[in-house]
Each structure stands twice: as C-alpha cells, then as structure tokens.
Amino acid sequence: MSFFYSNSFKVNKWRNLVDVISIVVNLFLLLKYLFFPDDFFKFHYFDIYLTVFPLIVYSTIYLYNDYEERQELYYANIGMLIFLIFSFVENLTWPLHSISIENTYMSQFNRLLNVIFKYVGNTTVVVSSVFFVVQLYKDNKQ
C-alpha cells in the first residue's frame, strides 16, 4: 500500500515522505524480528498500529491533496480509508479485553464494540467488493 501511495502522489515531498516512513517501519520490524525471533509468533498490537496508522495518514493526504481534481481511485481510496480506520479502532479497543474481567460493564462494552465493528467491517468488504465488480464491468464496457 505504501508503494501505491508513493506512486500516486504528484508532489515529490509526499512521495519522499512515504518512502522514508515505509523504509523506517520495515527496517524497524525487520530488526525487531531479527533480534527477537520468538516475537514473530506472538500477536503484537504495536506492530498493527505501526503499519496501519501511516496508511490512514497517506490515504487522508491523498484525498486532501487531490480533492479538486478528478481522481481515478477516489471511491477505492475512501473505501480503503474507512476499512483501515475501523480496523485500527477495533485493534485499539481489543486490549481492553485484558482489563479486569470482574467489571461486567467493560465486558459488555467490548462485546458491543466487537459486534458493531464486525458488522461494519463485513459491510465494508461487501460494499467495496460490489464497487470493484461494477468498476470492472464499466471498464470492460468502454
């Protein structure tokens, strides 16, 4: 995804920023797993935050910079942004499950968020899939 946004930006400043951030993130993850290979098989929320948050920022910048021009991938970018935001927020709230199980309100809150995000996430996947099929049909028709 970083490569996609790097090639999509028209201004070299944004391209360079995306390239630098993707190199730093990949280098960090590579060094982390080289020095701590056992961590590769553990689930780390920090790794998710580190990889998803820059994509949300790139997508937002892409929409903001090219707002006035006709964009080829406008709807795909919005769908990807919505999906990334929901998955990011879902992963932000997931560690709340490890907080005290004794508090039933926290358990109920987490279950409610989980149901909402699963529904919205599944809806996003279905809507984006239908959109891509319609786009492919329109492209083949022309």
Side-chain angles (χ1 to χ4, degrees), residues 1-140:
M1 293 295 295
S2 294
F3 182 71
F4 164 74
Y5 285 113
S6 176
N7 289 329
S8 296
F9 288 130
K10 295 176 181 148
V11 180
N12 281 337
K13 177 178 83 169
W14 294 116
R15 282 185 184 180
N16 294 338
L17 182 70
V18 169
D19 291 339
V20 167
I21 290 175
S22 65
I23 289 171
V24 168
V25 167
N26 287 325
L27 188 64
F28 172 78
L29 291 174
L30 180 70
L31 291 175
K32 177 184 171 188
Y33 291 128
L34 281 176
F35 289 121
F36 305 106
D38 293 340
D39 283 352
F40 184 76
F41 298 104
K42 295 178 184 171
F43 189 70
H44 295 281
Y45 292 103
F46 180 71
D47 297 347
I48 294 172
Y49 306 149
L50 188 67
T51 54
V52 172
F53 187 71
L55 294 176
I56 293 172
V57 172
Y58 303 155
S59 180
T60 306
I61 291 171
Y62 179 76
L63 287 174
Y64 179 75
N65 283 344
D66 298 333
Y67 181 71
E68 296 175 1
E69 297 177 10
R70 165 98 171 94
Q71 297 178 3
E72 294 178 25
L73 301 171
Y74 180 76
Y75 294 113
N77 191 32
I78 286 181
M80 186 61 66
L81 179 63
I82 291 170
F83 176 75
L84 289 171
I85 287 173
F86 277 114
S87 67
F88 184 76
V89 170
E90 183 179 17
N91 285 315
L92 272 178
T93 60
W94 193 256
L96 292 175
H97 283 289
S98 62
I99 296 177
S100 175
I101 300 296
E102 299 166 4
N103 299 332
T104 58
Y105 67 90
M106 187 60 79
S107 177
Q108 291 171 354
F109 174 72
N110 286 332
R111 272 190 257 142
L112 176 68
L113 277 179
N114 197 13
V115 167
I116 289 171
F117 288 135
K118 278 187 179 179
Y119 174 74
V120 170
N122 291 337
T123 305
T124 305
V125 169
V126 169
V127 169
S128 60
S129 299
V130 169
F131 171 75
F132 287 129
V133 168
V134 169
Q135 285 297 106
L136 284 173
Y137 176 75
K138 283 172 49 177
D139 289 345
N140 286 336

Hey, are the side chains of Thr51 and Leu29 touching, using non-hydrogen atoms and a 4.5 Å cut-off?
yes
Pairing residues for Asp47 by the salt bridge (charged side-chain N to carboxylate O under 4.0 Å, His left out) criterion, not counting sequence neighbours
Lys32
Would you please classify the geometry between the Phe46 ring and the Phe28 ring as parallel, tilted or perpendicular, with 30° and 60° separating the classes?
perpendicular
Hey, is CZ on Phe40 packed in by over 12 heavy atoms from elsewhere, all under 6.0 Å?
no
Taking it one step at a time, do Tyr5 and Asn77 satisfy side-chain hydrogen bond (donor to acceptor under 3.5 Å, both in side chains)?
CA-CA 10 Å; Tyr5 285 113; Asn77 191 32; 2.5 Å; yes
Rounded to the nearest 0.5 Å, the CG atom of Leu55 sits from the CZ atom of Phe83 at a distance of 11.0 Å
Have a look at Val18 and tell me which of Phe3, Tyr58, Tyr62 forms a side-chain contact (heavy atoms from CB on, under 4.5 Å) with it.
Tyr58
Under the side-chain contact (heavy atoms from CB on, under 4.5 Å) test, residues paired with Ile56 that sit two or more places apart:
Val52, Thr60, Leu81, Leu84, Ile85, Phe88
Qualifying side-chain hydrogen bond (donor to acceptor under 3.5 Å, both in side chains) pairs with a residue from residues 12-31, counting only residues at least two apart or across chains
Ser6-Asp19
